[in-house]
Each structure stands twice: as C-alpha cells, then as structure tokens.
Amino acid sequence: QVQLVESGGGLVQAGGSLRISCAASGGTFSRYVVGWFRQAPGKEREFVSAISWSGANTYYADAVKGRFAISRDNAKNTVTLQMNSLKPEDTAVYYCAVDRKLGMIRTDSDAYDYWGQGTQVTVSS
C-alpha cells in the first residue's frame with residue numbers, strides 16, 4: 001500500500017506563486033504515474049496535472065496549462081507542482097494520487113489507486 005502526504009499549501013495573492021509537494025512511501029514509486037487533482041467546496045474533483053514514471057511525459061488541464069509545471073524526483077520519492085500566476089479560481093484542496101497500472105497518463109480520477117489527504121491552496125484577490 002502506498003502512502004502519500006501533500007505539503008506546501010497556503011494563502012497567496014492573485015498573480016503570485018506557490019509550490020506544493022507530494023511525498024510517497026511504499027510501493028515502487030519510481031514506476032508510478034503521479035497525478036494532481038483539486039476540489040473546491042460544492043464542486044467535483046477535477047484533474048490538474050500528471051507525470052509519467054520517467055518524468056518524460058506530462059499532461060496539464062487546459063485551466064492550468066502555461067501556468068503550472070509538474071516535476072518529480074524519484075531519488076527523493078517526491079512530486080512537485082509549481083503554480084504560477086495564480087487566480088482565485090485556483091482555490092481548492094489539492095490532492096496527489098498514484099496510478100500503478102501500465103499505460104498512458106490518465107485524467108480520470110477513478111484510474112488512480114491511492115490518494116493523499118490534500119493540502120489547502122487559497123488565492124485571494
């Protein structure tokens with residue numbers, strides 16, 4: 001079983017930047033696809049970004065493309081999401097998740113096997 005812990009959330013002004021991280025333990029982390037999802041109150045959980053096991057392939061939701069950047073350090077068992085040009089609509093709880101199955105990066109939350117507890121990101125105007 002994989003355990004995931006997110007960190008780095010907080011309060012920032014619109015236009016600012018924030019970096020959140022996901023630390024993993026258990027399993028073969030270096031071979032897992034890792035995704036970021038977010039959920040705001042009253043809204044459904046939505047896909048944000050994901051990265052392949054090697055880090056060679058990344059995928060971003062249209063809402064964050066050009067503003068967010070995902071990366072991973074398999075030696076440290078961490079995945080980082082750099083968030084720039086933040087907007088109030090980015091406010092949400094951000095979750096990291098792992099997909100242990102072989103294949104392409106998937107954006108469906110049902111495809112992911114394990115989830116962290118989430119970290120709150122609040123963007124004020």
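Keep in mind that what you see is a predicted model, and the values were worked out from it rather than measured.
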Flag, side chain of [X] to backbone of [Y], donor-acceptor distance under 3.5 Å:
{"X": "Glu6", "Y": "Cys96", "value": "yes"}
{"X": "Ser17", "Y": "Asn84", "value": "no"}
{"X": "Thr91", "Y": "Thr122", "value": "no"}
{"X": "Gln120", "Y": "Gly9", "value": "no"}

Would you say that [X] contacts [Y] through its side chain, given a criterion of any heavy-atom pair below 4.5 Å between the two side chains?
{"X": "Arg31", "Y": "Arg100", "answer": "no"}
{"X": "Arg106", "Y": "Asp99", "answer": "yes"}
{"X": "Leu18", "Y": "Leu86", "answer": "yes"}
{"X": "Arg45", "Y": "Arg38", "answer": "no"}
{"X": "Thr80", "Y": "Ile20", "answer": "no"}
{"X": "Ser49", "Y": "Leu81", "answer": "yes"}
{"X": "Gln82", "Y": "Ser71", "answer": "no"}

### Query
Going through the distances and angles, do Arg67 and Asp90 end up as a side-chain contact (heavy atoms from CB on, under 4.5 Å)?
CA-CA 11 Å; Arg67 299 189 296 119; Asp90 294 319; 2.8 Å; yes

### Query
Would Asp62 and Lys65 pass as an ion pair if we require N to O under 4.0 Å?
yes

Is there a path of hydrophobic side-chain contacts, each under 4.5 Å between heavy atoms of I, L, V, M, F, W or Y residues, that connects [X] with [Y]?
{"X": "Ile51", "Y": "Val2", "value": "yes"}
{"X": "Phe47", "Y": "Phe68", "value": "no"}
{"X": "Leu4", "Y": "Val34", "value": "yes"}
{"X": "Val33", "Y": "Val79", "value": "no"}
{"X": "Ile105", "Y": "Trp53", "value": "no"}

### Task
For the pair Trp115 and Tyr95, name the ring-plane relationship: parallel under 30°, tilted 30 to 60°, perpendicular over 60°.
perpendicular

### Task
Look at the rings of Phe37 and Tyr112 and say which category their plane angle falls in: under 30° parallel, 30 to 60° tilted, over 60° perpendicular.
perpendicular

### Task
Report yes or no: do Thr78 and Asp73 form a side-chain donor-acceptor pair below 3.5 Å?
no

#### Entry: Pro88 versus Ala14, closest heavy-atom pair with distance
CD-CB, 4.2 Å

Around atom [atom1] of [X], are there more than 12 heavy atoms of other residues, nucleotides or ligands at under 6.0 Å?
{"X": "Gln3", "atom1": "CD", "result": "no"}
{"X": "Glu89", "atom1": "CD", "result": "yes"}
{"X": "Tyr59", "atom1": "OH", "result": "no"}

#### Entry: Interatomic spacing from CD in Gln13 to OG in Ser125 - rounded to 0.5 Å
9.5 Å

### Query
Between atom CZ of Arg72 and atom OG of Ser54, what is the distance when rounded to the nearest 0.5 Å?
8.0 Å

#### Entry: Derivation of the side-chain contact (heavy atoms from CB on, under 4.5 Å) call for Tyr94 and Met83
CA-CA 12 Å; Tyr94 283 70; Met83 302 181 290; 4.0 Å; yes

### Task
Would you please test Ser124 and Leu11 for side-chain contact (heavy atoms from CB on, under 4.5 Å) and show each step?
CA-CA 7 Å; Ser124 64; Leu11 175 64; 4.3 Å; yes

#### Entry: The single option from Thr107, Val48, Ile70 passing side-chain contact (heavy atoms from CB on, under 4.5 Å) against Tyr60
Ile70

